[in-house]
Amino acid sequence: MAAAIHVVPDDSFDDWVVRGDIGHEFGHYGTREAAELVAQAIAREREAELIIHLPDGRTSRKSFKKGWAARLLGR
């Protein structure tokens, strides 16, 4: 299970790649928005962190990890 799901632009900035920490690629998408939607679904399912790598070098992070209360209540 991946600890984080990454959305990164490819080397030529033609498309966006969704991949896990160990480099497994989930797919290539024409827009960042499309890649983010897929990555969010994967991160939510795996209770992972979503990391968006922007072309200018900045990153944006969002955690989908569930806390102990959510796990206790089955949410």
Side-chain angles (χ1 to χ4, degrees):
M1 186 176 299
I5 303 298
H6 300 263
V7 175
V8 296
D10 73 349
D11 293 335
S12 62
F13 297 99
D14 289 338
D15 62 353
W16 291 80
V17 183
V18 176
R19 66 172 56 122
D21 276 337
I22 58 174
H24 173 76
E25 289 188 1
F26 294 100
H28 290 245
Y29 302 89
T31 65
R32 187 180 94 196
E33 292 79 11
E36 283 185 38
L37 287 174
V38 171
Q40 282 180 11
I42 295 168
R44 187 173 284 116
E45 176 183 311
R46 295 174 180 228
E47 295 182 25
E49 183 176 22
L50 173 61
I51 303 172
I52 311 296
H53 299 265
L54 302 173
D56 64 3
R58 294 180 298 141
T59 59
S60 172
R61 296 173 178 260
K62 182 174 183 180
S63 179
F64 289 94
K65 296 177 183 179
K66 292 184 180 177
W68 66 270
R71 289 181 191 193
L72 180 66
L73 299 173
R75 295 184 183 170

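No experiment lies behind these values; they were computed from the predicted model shown.
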Applying side-chain hydrogen bond (donor to acceptor under 3.5 Å, both in side chains), can you list everything that pairs with [X], at least two apart in sequence or on another chain?
X: His28; value: Asp15, Glu25
X: Gln40; value: none
X: Asp56; value: Arg58

Residues in side-chain contact (heavy atoms from CB on, under 4.5 Å) with Ser60, at least two apart?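 Per chain and number, Ser60 pairs via side-chain contact (heavy atoms from CB on, under 4.5 Å) with Ile52.
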
With Ala34 via side-chain contact (heavy atoms from CB on, under 4.5 Å) - residues at least two apart: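 In terms of side-chain contact (heavy atoms from CB on, under 4.5 Å), with neighbours along the sequence ignored, Ala34 is linked to Tyr29, Thr31.
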
Show the nearest heavy-atom pair for residues [X] and [Y], with the distance to one decimal.
X: Gly20; Y: Phe26; answer: N-CE1, 3.6 Å
X: Ala3; Y: Ala48; answer: O-CB, 3.7 Å
X: Leu50; Y: Ala43; answer: CB-CB, 4.2 Å
X: Trp16; Y: Gly30; answer: CD1-O, 4.4 Å
X: Ala35; Y: Val18; answer: O-CG2, 3.4 Å

Remaining members of Val17's ILVMFWY cluster at a side-chain heavy-atom cut-off under 4.5 Å?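 The other cluster members (ILVMFWY side chains, heavy atoms under 4.5 Å, direct or chained) are Val8.
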
May I ask you to check whether over 12 heavy atoms, not counting those of Asp11, lie within 6.0 Å of atom CG?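 At most 12 heavy atoms, drawn from other residues, nucleotides or ligands, come within 6.0 Å of this atom.
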
Assigning hydrophobic clusters by single linkage (Ile, Leu, Val, Met, Phe, Trp, Tyr; side-chain heavy-atom cutoff under 4.5 Å), is Leu37 placed with Val7?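 No, it is not one cluster - the side chains of Leu37 and Val7 are not joined through contacts under 4.5 Å.
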
Distance from Ile5 atom CD1 to Phe64 atom CZ, nearest 0.5 Å?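 Between Ile5 CD1 and Phe64 CZ, I get 10.5 Å after rounding to 0.5 Å.
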
